[in-house]
Asker: 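Would you mind keeping the following structure in view while I ask a few things?
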Amino acid sequence: MMGVLTCGCLNVSVHYKGSVWKEKSLSSSHIFPEDTVDPLMNQPLYEIELDVAGIVVEHKVLVLTRTLGDWAVHTCSNCSTHVYVVHRVKEQSRVFVTSQLQTGGDGLRTSDGYSLVFKIVLKGDLETAELDGFRRKRVSSMTFGKEDHAFNKIHSQMKDFLNHEQVSMEERVRRYEDDQRSAFAELQERAHRDRSLLFAAISHATERTNSSLEHPSPPVTSSITSSVLLRSSPTKKQVTLVAAPQHSSPVLLSESPLEPPMEASAEDNRNVTV
């Protein structure tokens with residue numbers, strides 16, 4: 001089993017292996033005088049075995065080290081966390097961690113104070129940070145310029161980060177422009193094609209309209225006539241109907257009374273031979 005323990009700001013990460021830790025306190029080691037006063041003397045410590053990655057420190061200038069006999073206590077000044085204790089002679093072959101450490105630290109990386117530039121959680125406000133120029137001059141004068149190296153390193157780290165991000169941003173913009181130009185070229189080609197198709201459709205419709213005007217189709221008629229005897233009145237009439245074009249009703253052209261049959265006269269009857 002492997003894991004990572006971190007301080008409260010992710011400045012110090014301790015990579016360990018194994019799951020069984022031995023609890024121990026510095027006061028029980030009997031290597032310090034009884035009157036030794038230190039916050040860690042009565043706190044539980046856990047002896048761990050370091051993984052290959054070991055102990056990783058983002059900003060060493062923020063780690064304070066003090067000596068207690070044969071032990072070196074390392075504290076992160078940014079989050080005021082007692083991180084780990086190592087033997088001054090055996091060094092990292094014998095390491096103890098405090099109960100103040102956190103597991104993983106993923107939650108800290110999503111917090112508002114986490115710095116993408118410096119990879120740690122920064123606390124404080126801008127008004128306090130504006131005094132940095134005065135503090136820097138004071139620290140430099142007190143340490144004879146030794147801290148200037150740390151300030152310069154932080155400044156270089158920020159510049160390198162911003163330069164890298166600028167190159168990445170420009171590359172993303174270039175890819176986005178290429179994608180957008182390619183999409184627009186496809187849209188432009190489709191628009192020209194659709195315009196040609198619409199022009200062709202309009203031209204075809206116009207040709208069909210002109211052709212129908214120049215060569216109209218003859219009407220469909222029929223010369224069939226029908227005679228219908230109407231018996232609605234004693235006077236018989238002959239009605240002549242002319243078949244109209246399809247889907248039309250017959251048209252009444254004329255009507256005339258029917259002559260009743262003539263009766264034979266007596267003179268005609270006498271001429272009939274039986």
Asker: Return yes if some donor-acceptor pair links the side-chain N/O of S196 with the main-chain N/O of H192 below 3.5 Å, else return no.
Answerer: yes
Asker: Which heavy atom of S13 sits nearest a heavy atom of V4, and at what distance?
Answerer: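 Minimum heavy-atom separation between S13 and V4: CB-CG1, 4.0 Å.
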Asker: Taking the side chain from N78 and the backbone from V121, do they hold a donor-acceptor pair closer than 3.5 Å?
Answerer: yes
Asker: Passes side-chain contact (heavy atoms from CB on, under 4.5 Å), H59 versus Q157? Steps please.
Answerer: CA-CA 11 Å; H59 304 281; Q157 184 176 353; 3.4 Å; yes
Asker: For side-chain contact (heavy atoms from CB on, under 4.5 Å), just list the numbers for R94 and V86, CA-CA rounded to whole Å, side-chain angles, deciding distance to a tenth of an Å, and then say yes or no.
Answerer: CA-CA 6 Å; R94 192 171 186 190; V86 297; over 6 Å; no
Asker: Are the side chain of K119 and the backbone N or O of L116 linked by a donor-acceptor pair below 3.5 Å?
Answerer: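 Yes; at least one donor-acceptor contact below 3.5 Å.
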Asker: For the residue pair V95 and V85, establish whether any side-chain heavy-atom pair is separated by less than 4.5 Å.
Answerer: no
Asker: Between Q100 and H82, which heavy-atom pair has the shortest distance, and what is it?
Answerer: OE1-N, 2.8 Å
Asker: When the ring planes of W71 and F96 are compared, do they come out parallel, tilted or perpendicular, using 30° and 60° as the limits?
Answerer: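 Correct class here is perpendicular.
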Asker: Would a distance-only check, ignoring hydrogens and angles, find a side-chain to backbone donor-acceptor pair under 3.5 Å from T81 to V83?
Answerer: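 No; judged by distance alone, with no hydrogens or angles, the pair does not exist.
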Asker: Please find the pair of heavy atoms, one from Y114 and one from L10, that lie closest to each other, and give the distance.
Answerer: CE1-CD1, 3.7 Å
Asker: From E165 CD over to F161 CZ, what is the distance, rounded to the nearest 0.5 angstrom?
Answerer: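 So the gap between those two atoms works out to 4.0 Å.
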Asker: Is any side-chain heavy atom of L101 closer than 4.5 Å to one of T6?
Answerer: no
Asker: Looking at every heavy atom in both C9 and C76, which two are closest together, and how far apart are they?
Answerer: SG-SG, 3.5 Å
Asker: What heavy-atom pair brings T75 and S80 nearest, and what distance separates the two atoms?
Answerer: CG2-C, 4.5 Å
Asker: So do the side chains of H15 and M2 get within less than 4.5 Å of each other, counting heavy atoms only?
Answerer: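 When only atoms from C-beta onward are counted, M2 and H15 do not touch, as no gap falls below 4.5 Å.
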Asker: Under 3.5 Å, is there a donor-acceptor pair between the side chain of S111 and the main chain of G107?
Answerer: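 Such a contact is absent between S111 side chain and G107 backbone.
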Asker: Is any NZ, NE, NH1 or NH2 atom of the basic residue among E177 and R174 found under 4.0 Å from an Asp or Glu carboxylate oxygen of the other?
Answerer: no
Asker: Is there a side-chain contact between Y16 and D51, using heavy atoms and a 4.5 Å cut-off?
Answerer: no
Asker: What residue among M169, E170, E171 forms side-chain contact (heavy atoms from CB on, under 4.5 Å) with V173?
Answerer: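 Only one of M169, E170, E171 forms a side-chain contact (heavy atoms from CB on, under 4.5 Å) with V173, namely M169.
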Asker: Kindly say whether I120 contributes a backbone atom to a donor-acceptor pair with the side chain of N11 at under 3.5 angstrom?
Answerer: no
Asker: What closest approach, in Å, do T65 and A72 show between heavy atoms, and which atom pair accounts for it?
Answerer: CG2-CB, 4.1 Å
Asker: For a 4.5 angstrom cut-off between non-hydrogen side-chain atoms, does Y84 reach V12?
Answerer: yes
Asker: Under 4.0 Å between a Lys/Arg side-chain N and an Asp/Glu carboxylate O for D178 and R175?
Answerer: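 Salt bridge flag = no for R175 with D178.
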Asker: If we only count heavy atoms from C-beta on, is the L50 to I48 side-chain gap below 4.5 Å?
Answerer: yes
